[in-house]
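Here is the structure we will look at, set down as structure tokens.
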Amino acid sequence: MRLNDFFFGIAFLALGSGVVVEAREFPAVPGQLYGAAVFPTLVGAALVFFGLSLCVSGVRDFRWSSTFLPPPWVKFPRQITAVLLTLGGLLFCALFAERLGFMACIFVLTFPLQLCLGARPAHALAVSAGTAAAIEAGFVWLLGAPLPRGVVESLFR
Amino acid sequence: MSAHFAAALPLVLDPAVLGVVALAALLGILVGAMPGLTAVMGVALLVPFTFHLDPLPAVAAVVTLAATAIFAGDIPGILLRIPGTPASAAYAEDGHQMAMRGEPHVALSLSMAGACAGGIIGVTVLVMAAPALARAALQFSSFEYFWLALLGLCCAALVSSSSARKGATALCLGLLLSTVGLDETAGSARFTFGSTNLIGGVNFIAVLIGLFALPAIIRGFTQHTPAPRFPDIPFRALALQLRKNTTKLKINMARGGLLGAAVGALPGAGADIAAWIAYAVSRKLSKTPEKFGAGGAEGIAEAGAANNGALSGAYVPALVFGVPGDSITAVVIGVLYLKGLQPGPTIFLNQADMVYAIFIIFFLANLALLPLGLIIARLARRLLMIPRAFLAPVVLAFASVGAYAINNSAFDIGVMLVAGMVGYVLEENRFPLAPIILGMVLGGMVEFNFVTSMIKVDGDLTAFFSRPIAAALGVATIAAISIPAIRLVLSRRG
């Protein structure tokens with residue numbers, strides 16, 4: 001996905017301005033001139049500067065034909081689905097990993113994506129199960145990381 | 001020095017440490033040999049595992065994985081003309097041309113010998129240079145550290161991208177992320193927007209996994225690559241070539257290793273830049289420059305040595321000053337802090353055994369490339385045939401669990417997702433991602449030393465140039481920033 005630098009410039013300009021404004025609210029250290037606001041203000045100002053610079057270069061190189069170029073995969077429905085399944089699967093994990101547990105989430109994350117990428121259902125099921133087992137063995141048993149088991153907790157009692 | 005090595009050796013010979021090194025080496029080979037999976041991505045996925053390990057095996061795992069992944073990146077480059085890591089791109093064409101002539105074993109032996117020799121030379125440079133520099137660095141104050149960190153950041157932004165403007169913008173983004181959470185000097189919450197998840201700051205490992213793994217996964221199944229076809233590699237022929245080429249091209253390997261170590265020690269210039277420079281130098285000094293790009297042996301040996309030499313060189317500023325040379329050493333610095341080890345000159349005084357143990361691990365990891373390389377060359381055929389339909393979802397699963405396991409927080413999976421989407425868009429538009437990570441790692445150091453210095457001298461900026469080394473570093477930093485800007489202005493006028 002290609003965008004003209006002008007749009008990135010606007011985004012960084014807005015971000016830098018927001019940072020400078022927000023940093024003014026940070027409390028000062030009593031008796032000191034330099035506190036929590038100094039560094040974010042400098043970084044915000046730098047973002048404003050580079051944002052402006054990107055705007056200028058974007059305007060200079062501006063061509064209507066290259067203002068927005070979508071990624072090549074948007075022409076292929078299967079690839080769009082795969083990208084959406086990837087992002088949606090991660091969102092699902094972020095929202096439900098602690099409630100449903102990682103074993104269930106790994107199936108949601110990997111099984112439909114494998115099918116979408118052309119794997120056979122039996123193979124996809126085996127790979128999902130193998131991945132879940134490897135993660136349980138590696139993280140929980142070997143390293144002692146407390147990954148939530150959620151809906152399959154009863155299987156481990 | 002020998003006393004330190006003697007004290008460190010028992011730490012390394014612990015079966016648990018050796019076991020971790022062996023596992024990390026296998027994982028590194030796997031990551032490097034898979035086109036699209038980079039060494040940085042492998043390290044990012046490994047870090048959550050290291051959280052649950054003792055300090056030495058944790059650092060050993062990262063060191064070993066990076067060394068083996070960089071070497072293994074040559075395998076698909078030679079057999080398929082698809083470099084496994086960006087560092088292998090410089091000589092992938094030569095290796096592939098050689099493989100197409102029916103000599104894949106010669107190309108693989110050159111890459112293996114180069115990687116091993118370059119790695120050993122790089123570690124030797126590290127062992128010689130780091131303690132000496134550390135003794136000098138003991139005299140440093142907040143002024144010197146401020147300039148050193150700033151110089152590192154500027155070089156990272158300028159070197160890592162064809163556009164200094166985009167590199168600098170990415171760096172600012174990383175610095176901004178480093179300010180999120182509780183401020184060290186005043187203890188006030190910044191940019192947390194009332195979220196308790198952000199009080200401790202944005203988790204840089206979650207950002208790292210998102211930035212480097214998610215775009216690679218998406219590209220993995222959205223880019224069309226031809227079905228792999230490659231010949232079988234005879235084991236005996238490979239071993240014989242290894243011996244022959246090591247003797248024949250020892251000068252190239254030595255030069256590549258030294259150049260790689262020197263380039264790697266520069267902040268921001270990683271193994272990929274070192275490989276390109278070594279390839280160019282080799283061509284310039286070669287008696288047969290016409291063979292470069294057409295299956296010549298010298299370029300593979302020299303640039304391959306520079307690759308692994310740079311990996312070791314990058315640890316010089318990382319260990320001595322706490323300033324990372326590249327994304328991988330940025331992660332190592334993060335791991336060292338998390339394990340209660342403070343990178344910087346005092347680490348050579350307070351935890352010398354640990355540092356020398358890390359040096360021994362470096363030697364081991366690079367020596368292990370030879371037997372591992374011989375085995376993996378035989379298995380390459382099977383490894384490269386793993387379908388993308390299985391690989392991408394498995395990597396995705398490990399990435400999400402890895403992001404969660406750092407703080408046992410699902411919030412970090414969200415951080416990874418957002419970082420991944422931002423990283424994909426930025427990378428597609430030629431913004432480099434490494435400065436974001438370096439900014440996140442060094443932001444705290446820059447801010448702390450800047451604010452501390454300003455408080456000490458009551459805002460007098462001339463004090464930043466009052467000490468000789470600080471003044472020299474300050475001038476170097478200003479030159480690093482201003483020279484490209486002046487060149488840009490002059491080129492526009494001309």
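So that the names make sense, note that chain A is the first sequence line, chain B the second, and so on, each numbered from 1. Keep in mind the model is a prediction, meaning the values are calculated, not measured.
Contact detail for B/I413 and A/A97: the closest heavy-atom pair is CD1-CB, 4.4 Å. Counting all heavy atoms, side chain and backbone alike, A/C93 lies closest to B/A410 at O-CB, 4.5 Å. Summarising the geometry of A/F139 relative to B/P48, their closest heavy-atom pair is CE2-CB, 4.1 Å, with the distance given to 0.1 Å. Nearest heavy atoms, B/G414 versus A/A94: N-CB, 3.9 Å. When every heavy atom of A/A124 is checked against every heavy atom of B/F390, the shortest pair comes out as N-CE2, 4.4 Å. Residue B/E428 comes nearest to A/R2 through the heavy atom pair O-CD, 2.8 Å, listed as atom of the first residue, atom of the second, then distance.
Residue A/P72 does not touch chain B at all, counting heavy-atom pairs closer than 4.5 Å. Contact annotation for A/L42: only side-chain heavy atoms (C-beta onward) come within less than 4.5 Å of a heavy atom of chain B. The part of A/I106 that comes within reach of chain B is its side chain, from C-beta onward, which places non-hydrogen atoms under 4.5 angstrom from that chain. Contact of A/L85 with chain B is not made at all, since no heavy-atom distance falls under 4.5 Å. Contacts of A/F8 with chain B are made by side-chain atoms alone, with heavy-atom separations under 4.5 Å and no backbone atom involved. Both the backbone and the side chain of A/Y34 come within contact range of chain B, judged by heavy atoms closer than 4.5 Å. If you measure heavy-atom distances from A/Q114 to chain B, the contacts under 4.5 Å come from both the backbone and the side chain. Residue B/A399 does not touch chain A at all, counting heavy-atom pairs closer than 4.5 Å.
A 4.5 Å side-chain heavy-atom check between B/T222 and A/P71 finds every atom pair outside the cut-off. Within the 4.5 Å cutoff, the side chain of A/D5 has heavy atoms near those of the B/K166 side chain. In this structure, B/L396 and A/T110 have side chains that are not in contact, with every pair of non-hydrogen atoms separated by 4.5 Å or more.
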Open item on the list: Does B/F431 form a side chain to side chain contact (heavy atoms under 4.5 Å, CB included) with A/L54? I'd like the steps, not just the answer.
Closed with: CA-CA 12 Å; B/F431 283 86; A/L54 283 168; 4.0 Å; yes
TODO: Apply side chain to side chain contact (heavy atoms under 4.5 Å, CB included) to A/V38 and B/M454, showing your working.
DONE: CA-CA 10 Å; A/V38 176; B/M454 289 295 271; over 6 Å; no
Open item on the list: Between A/E22 and B/R190, is the side chain to side chain contact (heavy atoms under 4.5 Å, CB included) condition met? List the steps.
Closed with: CA-CA 9 Å; A/E22 177 73 16; B/R190 301 186 297 193; over 6 Å; no
Open item on the list: Go through it in stages, so that I can follow the logic: the residues are B/F398 and A/T131, the test is side chain to side chain contact (heavy atoms under 4.5 Å, CB included), and I'd like the CA-CA distance, side-chain angles, deciding distance and then a yes or no.
Closed with: CA-CA 8 Å; B/F398 275 92; A/T131 307; 4.1 Å; yes
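In this structure, A/H123 places its NE2 atom where only 12 or fewer heavy-atom neighbours from other residues, nucleotides or ligands lie under 6.0 Å away.
Considering only heavy-atom pairs separated by less than 4.5 Å from chain A, the leading option among B/L175, B/V394, B/V401 is B/V401. Ranked by heavy-atom pairs shorter than 4.5 Å toward chain A, the options B/I218, B/L176, B/T179 are led by B/L176. Your options are B/Y404, B/F450, B/F411, and the one with the most heavy-atom pairs under 4.5 Å with chain A is B/Y404. Contact count versus chain A (heavy atoms, under 4.5 Å) is highest, among B/V415, B/N429, B/D183, for B/N429. The candidate from A/G35, A/A132, A/G118, A/A82 with the greatest count of non-hydrogen atom pairs under 4.5 Å with chain B is A/A82. With chain B as partner, the option from A/G130, A/C105, A/S53 having the largest number of non-hydrogen pairs under 4.5 angstrom is A/S53.
Separation of the B/F191 and A/F26 ring centroids falls under the 6.0 Å cut-off.
Of the inter-residue distances, the one linking A/L113 atom CG with B/I217 atom CD1 reads 9.0 Å to the nearest 0.5 angstrom. With values rounded to the nearest 0.5 angstrom, B/C172 atom SG is found 10.0 Å from A/F49 atom CZ.
In this structure, the side chain of B/R165 does not engage the main chain of A/F50 through any donor-acceptor pair within 3.5 Å.
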